[in-house]
Amino acid sequence: LALPTVRTFWFSLLDRDSENFVGLQNYFAVFTERFMLEAFRNNLLWILVGGTGSVVIGLLVAVLADRSRFENLAKSLVFLPMAISMVGAGVIWNFIYEVKDAADPQIGLLNAIVVAFGGEPQAWTALIQPWNNLFLIVIVIWLQTGYAMVLFSAAIKGIPAEILEAARVDGATEVQVFFRIMLPFIRATIITVSTTVVIFTLKIFDVVMVMTGGQFGTDVIATQFYRQYFTNRNFGLGSTIAMILLIAVIPVMIYNLRQFREREAF
């Protein structure tokens with residue numbers, strides 16, 4: 001792990017052909033070029049909306065399913081997307097977002113619903129920012145909610161039943177039980193799941209590449225790395241973007257590992 005990192009860092013200090021030493025020039029370019037600032041902004045949006053959405057919906061489903069007669073069925077349906085690869089999910093949602101044109105008589109599920117209610121079909125992934133990014137983020141929420149739900153469900157079942165029952169006997173409402181008993185008990189799990197989802201969204205690549213290829217202002221850090229390194233053959237800038245992505249992930253990983261050591265999260 002260390003040797004490729006050191007090698008990539010050395011390439012990031014060289015020019016596009018890895019021949020001449022340019023120092024930190026590539027790093028200045030990463031934080032000043034418009035296309036990279038757009039990628040950073042999109043990644044932040046993925047973390048805030050995608051990460052938060054996955055955690056909140058996963059926790060909500062875990063809590064509600066825990067008290068349902070159809071718990072196993074509900075959890076199976078929510079977890080099912082986890083069995084689909086990222087590329088496969090992108091293909092599925094391409095059909096959902098498909099827009100009809102002269103060359104393609106087919107219409108996606110979402111546009112079919114819109115047309116059924118008298119609306120006009122839209123090119124959802126080509127809309128004005130940030131709407132097209134939000135439609136892509138929906139896919140990751142769909143994929144990651146099952147992961148969050150399973151871990152939250154296991155943590156909730158670890159809460160002593162006597163404590164929950166005692167709180168209800170004392171007159172606590174379900175909302176009070178959730179916020180004052182459940183959340184404090186599963187706090188460590190929430191932190192662990194949240195940091196894991198953040199790492200995942202920081203490295204997001206497959207969905208964006210399959211759905212838009214980074215067009216229409218949907219580029220993220222990983223797709224820009226791919227474009228600069230493999231398409232533009234700019235090895236210096238591509239290596240720099242890879243280093244920036246690594247540096248962004250490291251603090252979250254360190255925090256996550258400390259949580260594992262300090263608390264029994266599961």
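In this chain, numbering begins with 1 at the start of the sequence shown.
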Search all heavy atoms of Ala148 against all heavy atoms of Ser54 and return the closest pair with its distance.
CB-O, 3.7 Å
If you round to the nearest 0.5 Å, how far is OG1 of Thr240 from CD of Gln224?
13.0 Å
Quick check: does any side chain N or O of Ser239 sit under 3.5 Å from a backbone N or O of Gly236, one acting as donor and the other as acceptor?
no
Met86: which of Val91, Val207, Ile139 passes side chain to side chain contact (heavy atoms under 4.5 Å, CB included)
Val207
Looking at Phe225 versus Phe205, is the centre-to-centre ring distance below 6.0 Å?
no
Would you check if the side chain of Ser153 reaches a backbone N or O of Met149 as a donor-acceptor pair within less than 3.5 Å?
no
Please lay out, stage by stage, how Ile57 and Ile141 fare under the test side-chain contact (heavy atoms from CB on, under 4.5 Å).
CA-CA 8 Å; Ile57 297 175; Ile141 294 176; 3.8 Å; yes
Phe178 vs Leu59, test: side-chain contact (heavy atoms from CB on, under 4.5 Å). Steps then yes/no.
CA-CA 11 Å; Phe178 175 73; Leu59 180 58; 3.9 Å; yes
Looking at Ile247 and Pro251, what are the two nearest heavy atoms and their distance?
O-CD, 2.9 Å
Which hydrophobic side chains are connected to Leu44, either touching it within the sub-4.5 Å cutoff or through other members that do?
Leu48
Are Arg227 and Asp219 side-chain neighbours, meaning at least one heavy-atom pair lies under 4.5 Å?
yes
With a 6.0 Å cut-off (strictly less than), is the heavy-atom count around CD1 of Ile128, excluding the residue itself, greater than 12?
no
Do Val177 and Ile190 belong to the same hydrophobic cluster, where Ile, Leu, Val, Met, Phe, Trp and Tyr are linked whenever their side-chain heavy atoms lie under 4.5 Å apart, directly or via other members?
yes
Please determine whether residues Ile221 and Leu136 belong to a single hydrophobic cluster, defined as Ile, Leu, Val, Met, Phe, Trp and Tyr linked transitively by side-chain heavy-atom distances below 4.5 Å.
no
Do the side chains of Glu19 and Leu14 get nearer than 4.5 Å, heavy atoms only?
no
Across all chains, not counting sequence neighbours, the ring-ring contact (aromatic ring centres under 6.0 Å, His included) partners of Trp93 are Tyr97, Trp142
Side-chain touch Leu134/Val138, heavy atoms, less than 4.5 angstrom
no
Asn111 (side chain) donor-acceptor with Glu98 (main chain) under 3.5 angstrom
yes
Just wondering, do Gln228 and Arg233 contact through their side chains at under 4.5 Å, heavy atoms?
no
Can you establish whether the number of heavy atoms outside Phe28 located under 6.0 Å from its atom CZ is more than 12?
no
Gap between atom OH of Tyr27 and atom CD1 of Ile241 - 0.5 Å precision:
11.0 Å
Hey, what do you get for CD1 (Ile113) to CG (Leu109), rounding to the nearest 0.5 Å?
4.5 Å
Within this structure, what is the OG1-CZ distance for the pair Thr189 and Phe152, rounded to the nearest 0.5 Å?
7.5 Å
Checking side chain to side chain contact (heavy atoms under 4.5 Å, CB included) between Trp46 and each of Val198, Leu202, Val208, which is the one that passes?
Val208
According to a 4.5 Å side-chain heavy-atom criterion applied to Ile, Leu, Val, Met, Phe, Trp and Tyr, with indirect links allowed, do Val30 and Phe21 form part of one hydrophobic cluster?
yes
So, do Ile137 and Val140 sit near enough that their side-chain heavy atoms are less than 4.5 Å apart?
no
Spell out, yes or no, whether Ile181 and Phe179 are grouped together once hydrophobic residues are joined by side-chain heavy atoms under 4.5 Å, including indirect joins.
yes
Before giving the answer on side-chain contact (heavy atoms from CB on, under 4.5 Å), spell out for Met243 and Thr5 the whole-Å C-alpha distance, their side-chain angles and the decisive distance to 0.1 Å.
CA-CA 8 Å; Met243 290 304 303; Thr5 302; 4.3 Å; yes
Does Trp131 reach the side chain of Gln122, with side-chain heavy atoms less than 4.5 Å apart?
no
Taking all non-hydrogen atoms of both residues, which atom of Gly171 and which atom of Gln176 are closest, and how far apart?
O-OE1, 4.2 Å
What do the steps show when you test Trp124 against Ile96 for side-chain contact (heavy atoms from CB on, under 4.5 Å), and what is the final call?
CA-CA 10 Å; Trp124 303 103; Ile96 294 176; over 6 Å; no
Give a yes or no on whether Arg7 atom CZ has more than 12 heavy-atom contacts from other residues, nucleotides or ligands under 6.0 Å away.
no
Can you see which heavy atom on Pro130 is nearest to which on Leu45, and at what distance?
CB-CD2, 3.9 Å
Side chains of Leu143 and Phe200 in contact at under 4.5 Å (non-hydrogen atoms):
no
Shortest non-hydrogen pair, Ala248 vs Val252, comes out as O-CG2, 4.0 Å
Can you tell if the side chain of Phe185 reaches within under 4.5 Å of the side chain of Leu164, non-hydrogen atoms only?
no
Between atom CZ of Phe216 and atom CG of Leu127, what is the distance when rounded to the nearest 0.5 Å?
10.0 Å
Treating Ile, Leu, Val, Met, Phe, Trp and Tyr as nodes and any side-chain heavy-atom pair under 4.5 angstrom as an edge, say whether Val49 and Val193 lie in one connected cluster.
yes
Determine the minimum heavy-atom distance between Ala39 and Val220, stating which atoms define it.
CB-C, 3.7 Å
More than 12 heavy atoms from other groups under 6.0 Å of OH on Tyr147
yes
How long is the straight-line distance from CZ of Phe31 back to CG of Leu24, given to the nearest 0.5 Å?
11.0 Å
Please check if the side chain of Asn26 supplies one atom and the backbone of Ser12 the other of a donor-acceptor pair under 3.5 Å.
yes
